[in-house]
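Please read all numbers here as calculations on a predicted model, not as lab measurements. A, B, ... follow the sequence lines: proteins, then strands. Residue 1 opens every chain.
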2 protein chains.
Amino acid sequence: MPAAKSSKDEAIDAITDVFREFGFDGASLSRLSEASGLGRSSLYHYFPNGKDDMAQAAVERVSERASELVIGPLRAPGDPAMRVKAAAGGIAKFYEGGRANCLVNLFAFGEAGEAAPGAAKDMAAGLEDAFCAVARDAGFSPKEARLKAEHAIVEIEGALVVSRAQGSVAPFQRALARLPGVLTDR
Amino acid sequence: MPAAKSSKDEAIDAITDVFREFGFDGASLSRLSEASGLGRSSLYHYFPNGKDDMAQAAVERVSERASELVIGPLRAPGDPAMRVKAAAGGIAKFYEGGRANCLVNLFAFGEAGEAAPGAAKDMAAGLEDAFCAVARDAGFSPKEARLKAEHAIVEIEGALVVSRAQGSVAPFQRALARLPGVLTDR
DNA sequence: CTGGTTGTACCGAACGGACGGTATATAAGC
DNA sequence: GCTTATATACCGTCCGTTCGGTACAACCAG
């Protein structure tokens, strides 16, 4: 099967972009409809529970990309520092070089139900686990590795906030450059 | 002057809390009215330009607190590392131990005009300048100090995001503990 | 092959309600 | 009486959601 993208599939891509740009509240049905090319009621055909369903689909889509781009490289064999460097490249792609926002941050506010923020949190937890495993491979104790993984997530989330506030991706790029040190240096 | 708090002054406190909890879009006039104890008309009496005025007042209020609690200690005389430790205590208070959110992050989304996000950005810039000065006192070049200051802001913003997502202030507390190292260690 | 049924994809219009904001009137303080 | 402050009622707009309905393909009975 050549995977012939369904129109729902394409809609999810568009919807995801809207959520990442405007957050949950800011992603109005009008915007979602326009971006996806589907009428309001068509959206409800695919997502019977409305915005919450759409947000959840967006998180799932984003989680898949995170798995491919970031967690994959982290789990690959090889030198931990090199794996982190590869993952940093994936992170840059994932966040469009620092221009895109993180759903974990975005869905923490607004009227989103429980499902989407929970799923976003799960995705972050998966990422932290992968960071943690790399730190352990670099020789750190489980406790140390867990802290280093948390530190890495903090740097990424913070860099996204700062980059967005300043309108420049430079802080994000610098944070990515720090990442190998954060995770593998004593 | 015993500063006899005006009713507008008290309203700003309440309004600020609402913005910090719900963000710009989430801070509806109903919520702002209820929290401040002022009717709609009174709010518009004090803030003729509506929500944008209120948001700007909130940023100003918050900036004052940041000056007292964080920038003040950073500018005090003494050992740089000690000054950072004192400032970390101020930051903890400022963010209610990690429970409160940062307006720089919150106002970067939603329908806020230009003024409030701009003012929030200015506050962050002031904070970064103060961090930068400490790093220079610790012996770093202007360029190095600037990067360290940015790094410090990144850690704080990121820690707030992670703490909020996880519903625990522990990541924030750990980031604060890292702060002296970030700013003064070679 | 045909006519009818069923299911899927999709749409525009409309709903009730909440939104940010305004107008007018009343009341209190100097 | 004038300014300041607050209440009531209302405005138009947009929100998320639902409704009624169309277009079309697939299936199935005769």
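The separation between A:Arg31 atom CZ and D:dT13 atom P is 18 Å, rounded to whole Å. B:Leu32 places its CG atom 17 Å from the C1' atom of D:dT6, with the value rounded to the nearest Å. Taking atom CZ of residue B:Phe22 and atom C1' of nucleotide C:dC19, one finds them 16 Å apart after rounding to whole Å. Between the CG atom of A:Asp9 and the P atom of C:dA9 there is a distance of 13 Å, given to the nearest Å. For the pair B:Tyr46 OH and D:dT3 C1', the computed distance is 13 Å after rounding to whole Å.
With values rounded to the nearest 0.5 angstrom, A:Asn101 atom CG is found 10.5 Å from A:Phe22 atom CZ. Taken to the nearest 0.5 Å, the CG atom of B:Leu160 stands 8.0 Å off from the CG atom of B:Asn105.
Among the heavy atoms of the strands, none lies under 4.0 Å from B:Leu38. Residue A:Gly26 is out of contact with every strand shown, counting any heavy-atom pair closer than 4.0 Å.
Proximity of a side-chain donor or acceptor of A:Asp79 to a complementary backbone N or O of A:Met82 within less than 3.5 Å is detected. The backbone N or O of B:Gly78 sits less than 3.5 Å from a side-chain atom of B:Arg83, completing a donor-acceptor pair. A donor-acceptor contact shorter than 3.5 Å links the side chain of B:Arg31 to the backbone of B:Gly26.
Non-hydrogen atoms lying under 4.0 Å from DNA chain C are contributed by nothing in residues 108-118 of chain B.
In this structure, B:Lys121 is not positioned above the aromatic face of B:Phe107 in the sense of NZ or CZ being under 6.0 Å from the six-membered ring centre and within 45° of the axis.
Between B:Phe172 and B:Tyr95, the two ring planes are perpendicular [angle over 60°; tilted spans 30° to 60°]. Taking the six-membered ring where tryptophan is involved, the planes of B:Phe19 and B:Phe24 are essentially parallel, since the angle between them stays under 30° and well short of 60°.
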Sort me out a list of protein N/O and nucleotides 16-21 of chain D N/O pairs below 3.5 Å, or just none if empty.
{"from": "D:dG16", "atom 1": "OP1", "to": "A:Lys51", "atom 2": "NZ", "distance (Å)": "2.7"}
{"from": "D:dG16", "atom 1": "OP2", "to": "A:Leu29", "atom 2": "N", "distance (Å)": "2.6"}
{"from": "D:dG16", "atom 1": "N7", "to": "A:Arg40", "atom 2": "NH2", "distance (Å)": "3.2"}
{"from": "D:dT17", "atom 1": "OP2", "to": "A:Tyr44", "atom 2": "OH", "distance (Å)": "2.2"}
{"from": "D:dT17", "atom 1": "OP2", "to": "A:Lys51", "atom 2": "N", "distance (Å)": "3.2"}
{"from": "D:dT17", "atom 1": "O5'", "to": "A:Tyr44", "atom 2": "OH", "distance (Å)": "2.7"}
{"from": "D:dT17", "atom 1": "O4", "to": "A:Arg40", "atom 2": "NE", "distance (Å)": "3.0"}

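Of the charged side-chain nitrogens involved, at least one lies within less than 4.0 Å of a carboxylate oxygen, so that A:Arg146 and A:Glu128 count as a salt-bridged pair.
The phosphate of C:dA9 has neither OP1 nor OP2 within less than 4.0 Å of any side-chain N or O from A:Ser42.
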